[in-house]
Amino acid sequence: MRGTRRELLATFLGTAVAAGCRRRAPEASWDVDLAPDFSERAHRYLRPPASAVAGAVTEEVRCRVLVVGGGVTGLTAAWTLGRAGQGDVVVLELGDAAGGTASYGQTEASAYPYAAHYVPAPTDENGDLVALLEEMGLVEGRGPEGIEWAEEALCATPKERVFHNGVWQPGLLPRLGETAAEAEELARFEAEVARWIIYRDADGRRAFTLPLAHGSDAPEVRALDELSFAEWLDRHGFRSPRIRWYAEYGCRDDFGASLADTSAYFGLHYLCARTPGPEDESAEFLTWPEGNGRVVKHLVSRVGAARIRAKQVVLQVAPVEGGAAVVAVDGESGVTRRYRAERVIFALPSYVRRHVVPGAPAYAPTYAPWLVANVHLSRRPRYYGSEVAWDNVIYDSRSLGYVVATHQSGPRVGPTVWTWYLPLIGEAKAEREKLFALDAREASDLVVAELDRTHIGLQAALRRVELRRWGHGMVRPEPGTRFSRERAQAALPFGPIHFAHTDLSGVALIEEAVFHGVRAAREVLAALGSGA
Amino acid sequence: MSTEAGEGAAAPEGAAPEVSAEPRPSDAVSGPAVLVAVFTIGTCGLIYELLAGTLASYVLGDSVFQFSTIIGVYLFAMGVGAWLSGFVAKDVVARFIEIEVAVALVGGTSAAVLFASFARVSFFSIVLYGLVFVIGTLVGLEIPLLMRILKDQYDLKDLISRVLTVDYLGALVASLAFPIFVVPKLGLVRGAFVVGALNAVVAVWCTHLLKGALRRPGRVWFLRAEAYLTLALLIVGIAYSDTVTTWSEDALYADPVVFAKTTPYQRLVVTQGRSSYQLYINGALQLASADEHRYHEALVHPVMAVARARAGGTGARRVLVLGGGDGLAVRELLEHPGLESVTLVDLDPTMTELARSFPLFVRQNRGSLLDPRVTVVNADAFVWIGAPERATEPRYDAVVVDFPDPSSFSLGKLYTRRFYRMLKRVVSDDGAVVVQATSPMYARRAFWCVATTMEAAGFTTRAYHTAVPSFGEWGYILAAPGAFEVPSWLPDAPLKFLTPETMASLFVLSADMARVPAEVNRLNNQVLVGYHEADWARWN
Ligand SMILES: Cc1cc2nc3c(=O)[nH]c(=O)nc-3n(C[C@H](O)[C@H](O)[C@H](O)COP(=O)(O)OP(=O)(O)OC[C@H]3O[C@@H](n4cnc5c(N)ncnc54)[C@H](O)[C@@H]3O)c2cc1C
């Protein structure tokens with residue numbers, strides 16, 4: 001990136017942040033780490049024709065089921081197989097450890113997430129996810145109001161605050177300076193959302209469910225998927241900047257997408273799916289210092305670390321006589337191995353299919369790039385306004401703000417880690433290029449300028465900024481995604497290869513990751529059962 | 001930001017009868033210049049609201065509830081202002097200028113007034129909301145009046161859109177200027193004076209700009225004098241802002257400050273009067289040496305007696321104190337002969353160091369923290385009690401929990417079911433626990449919420465109270481993993497307050513402190529902070 005710091009800030013975070021940034025304090029200093037992107041590891045090997053690499057195979061490995069990809073989906077698939085007694089499973093993962101977009105880091109001060117940081121507490125309708133969380137010891141009992149979750153895992157109050165007009169304000173929607181007209185429009189907006197929460201189709205199905213697959217496909221629900229959320233808001237006359245902001249915040253947060261690029265179906269899904277009734281609160285969040293890394297830790301311990309092979313670049317997956325063959329190269333030693341399995345669960349993002357599974361139906365949705373920074377602080381900076389919360393949202397920035405890793409169980413003073421999120425919601429390819437053109441210093445400047453503007457004495461407390469770029473961080477649920485035939489077909493098995501990844505739902509959510517992991521594992525179990 | 005006030009204003013205006021005797025203001029008025037005034041008004045109005053919100057959170061601590069109330073009051077007041085504008089029938093221009101002056105005066109001095117009046121806690125809320133209401137009303141009056149002044153200048157549609165756009169722009173500038181300039185560069189008190197002065201300058205300017213539109217142009221000198229006077233006052237305010245700030249902070253404390261330090265954890269202030277000294281944490285009184293013995297004897301001896309009774313007559317040997325960094329609870333503990341060790345966990349090293357070496361404190365706690373049986377740990381109790389090491393250490397026979405009141409969420413965490421569950425794991429099965437639980441009278445629901453929460457964590461509880469003149473009626477929850485009787489045993493030590501008879505009487509609660517239902521305080525709801533704030537608000 002060229003240009004001044006102010007231009008950089010304006011490009012990535014918007015003009016308000018650029019205008020408000022302070023100078024770098026001369027005496028302040030901190031380390032910056034820009035983590036290598038694992039896709040570089042993959043590209044190195046994927047670029048030469050796969051057949052050339054395949055020719056270099058030096059080792060053969062056999063197992064009954066091979067899981068390709070060690071994100072939540074792949075791990076859940078392996079976990080499901082293990083629970084059903086199928087233990088002859090190997091998981092291949094590109095990264096230095098399993099986890100994918102739910103990986104985590106750890107310092108003396110705290111564990112912290114590299115991307116996914118919470119699980120919305122599911123209801124018993126989502127039995128598979130509940131079973132996983134129950135196995136983690138998170139269910140204390142069941143009462144009249146449903147599942148009683150372990151208190152320490154439920155996001156502690158205060159859950160969120162928002163920086164607007166120079167002050168931190170409680171809640172997500174800033175109310176200070178609100179006009180009566182805006183308040184009225186908000187009430188109308190909430191009523192419209194409530195209408196969709198209580199909606200039931202002729203078969204009694206809700207419009208929005210988790211997993212998605214259980215939801216209604218009635219014509220009026222389908223119609224929502226045909227327009228963008230921006231169009232939907234226009235049609236209903238929701239013009240207040242605050243409501244537009246609120247609606248777009250949800251799209252940026254959950255999908256890395258703008259209002260214009262989000263299907264109205266998914267815009268409403270975000271607002272409705274986790275709220276049982278119009279009078280109810282939205283589901284609480286389960287969260288841990290390491291975010292969804294806690295789920296990954298559990299899955300890894302159940303699957304068995306020995307079954308998971310990290311730093312493996314999967315190059316090719318192909319049906320062969322009696323099963324499937326997978327070629328993978330060890331990213332460290334360069335050794336190329338061929339795996340023979342009866343069944344393969346392909347739990348990589350769908351866009352790599354084209355390179356890795358020749359002949360399978362293609363599916364290449366759009367993915368939002370993300371920049372995530374873990375900001376390591378030696379102490380807590382001060383601020384004006386409402387008490388620091390778990391999620392600290394910044395209203396007039398393109399970033400989402402930050403989440404505090406020590407919020408749940410850490411000390412209320414002293415060192416901490418903040419995880420700061422920036423979804424790049426513009427045209428995906430251009431944004432990706434912009435993101436990867438950033439050097440470490442520039443990327444850290446973005447975070448620091450923004451947090452400095454919203455706190456007092458941040459620079460003096462700052463020790464390290466650790467940055468992660470997620471080139472294909474989240475699949476974007478663009479209009480047409482929910483009822484896309486292409487998407488439905490992409491989830492069907494291709495011979496002995498079973499597909500599973502959250503992007504097969506058109507959204508990146510742990511509920512969907514678990515759903516597809518379990519589904520694919522069940523398909524495999526059924527096939528193995530009948531084949532044996 | 002005053003969009004609604006503006007639109008709302010159009011209606012009463014339309015209904016108001018035309019006063020033909022008045023000069024037609026707009027003939028003599030430059031439209032664009034007046035729009036500049038609108039712009040300033042928009043900017044200043046929002047800044048006052050932001051100042052009040054920020055200041056409230058600054059002096060009252062992290063307050064969720066204050067914030068929304070301020071917004072509500074301000075919005076309501078703007079509506080009232082717009083409505084009132086309908087009653088301004090005569091000499092709109094003069095009224096407008098006067099309102100402008102009034103906004104400058106009230107808004108400009110608001111931060112100083114709030115700071116200063118905070119010391120007189122008994123009516124602070126009234127001052128805070130009163131000021132917000134007055135400013136909101138005045139700001140709400142301005143735009144409709146201006147619309148009327150300008151109404152012949154533009155046609156109505158155009159007028160509304162212009163005024164609202166300019167007003168909106170003003171608000172936008174405010175939202176940028178406030179965080180970037182006003183707060184960091186000027187501070188709250190000076191910032192308010194500066195913004196007020198700006199308002200006053202606009203008022204002065206308006207006396208020139210709108211002179212020709214006045215019903216009695218001869219009286220312009222009067223308006224001008226008002227505006228200049230206000231401006232002068234505010235400029236003096238700007239010059240003396242620092243003095244105002246220090247003076248109002250000093251006024252917080254009745255006695256001279258002998259020690260003050262802002263640690264990374266809290267602000268500690270010690271004041272000394274003729275016969276007593278006081279410790280304040282974040283502006284809240286923590287102890288007064290004149291009557292702290294009542295508080296600490298009542299805190300410590302009952303739990304020690306229960307632990308003794310439950311252990312079949314053996315006194316507690318291992319005792320844990322959470323909070324209580326002043327060493328006064330430990331002083332009482334050391335009166336118990338069988339005591340072998342005390343672990344004191346307090347967040348703030350400055351506090352425990354003060355207790356060990358500040359002569360006033362050492363005299364008061366009789367050097368308790370220097371006793372070889374005492375180990376001081378500086379850690380966050382929530383983290384310390386949940387640490388895995390706790391599971392392997394021997395349990396405690398008695399635990400004294402003496403945290404500040406749950407006035408913020410970070411303190412509220414220390415009163416949750418989760419915390420008490422962890423606490424239960426470090427208490428021996430025949431041990432006992434006591435928790436300072438705020439006032440059963442001033443914060444009755446909060447007090448009983450602590451009991452309810454401890455019960456939800458598996459404790460059996462008994463509530464008791466004592467009168468501490470500096471604080472008022474104060475309360476504690478005594479608890480144990482199993483049943484226990486009201487204690488009556490006291491150590492053979494020269495106590496100033498407790499006798500076996502008084503001890504029994506502490507467990508008798510009058511009707512106005514009797515149990516009320518309350519929700520369990522959980523990490524994910526933190527209801528206690530809300531109860532505490534709401535309950536105390538009724539007494540302030
Ligand atoms: C910044 C960010 C924040 C998020 N926050 C949340 C949140 O708070 N809550 C939530 O529910 N969801 C969140 N998500 C969505 C999250 O992606 C899903 O919840 C879930 O973790 C997806 O898991 P997955 O296994 O389907 O996909 P992935 O995590 O993408 O897993 C795919 C795995 O395949 C590996 N891989 C790729 N190519 C190869 C190859 N050639 N060879 C071998 N391995 C390969 C990858 O390294 C990766 O581990 C977030 C996503 C991002 C990017």
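Naming convention: chains lettered A, B, ... in sequence-line order (proteins, then strands); numbering from 1 in each chain.
Only the side chain of B:Leu347 comes within less than 4.5 Å of a heavy atom in chain A; its backbone stays farther off.
The NE2 atom of A:His407 lies 9.5 Å from the CZ atom of B:Phe409; values are rounded to the nearest 0.5 Å. Atom OG of A:Ser409 sits about 6.5 Å away from atom NZ of B:Lys413, to the nearest 0.5 Å. We find the CG-CG distance between A:Leu154 and B:Asn525 to be 10.0 Å, quoted to the nearest 0.5 Å.
The backbone N or O of B:Asn524 lies less than 3.5 Å from a partner atom in the side chain of A:Lys159, making a donor-acceptor pair. Within the 3.5 Å criterion, the main-chain N or O of B:Ser410 finds a donor-acceptor partner in the side chain of A:Glu387.
Salt bridge absent: B:Arg417 and A:Glu148 never bring a charged side-chain N and a carboxylate O closer than 4.0 Å. We find that A:Glu151 and B:Arg418 are not joined by a salt bridge, their nearest charged nitrogen and carboxylate oxygen being 4.0 Å or further apart.
Heavy atoms from other residues, nucleotides or ligands lying under 6.0 Å from CD of A:Glu279 number 12 at most. For A:Tyr246, the OH atom counts as loosely surrounded, since its 6.0 Å shell holds 12 or fewer non-hydrogen atoms of other residues, nucleotides or ligands. No more than 12 heavy-atom neighbours from other residues, nucleotides or ligands sit within 6.0 angstrom of CZ on B:Phe76.
Looking only at side-chain heavy atoms (C-beta outward), A:Arg412 and B:Leu411 come within less than 4.5 Å of each other.
Judged as a side-chain contact (heavy atoms from CB on, under 4.5 Å), and not counting sequence neighbours, the contacts of B:Ser110 are B:Leu131, B:Ile135, B:Ala192.
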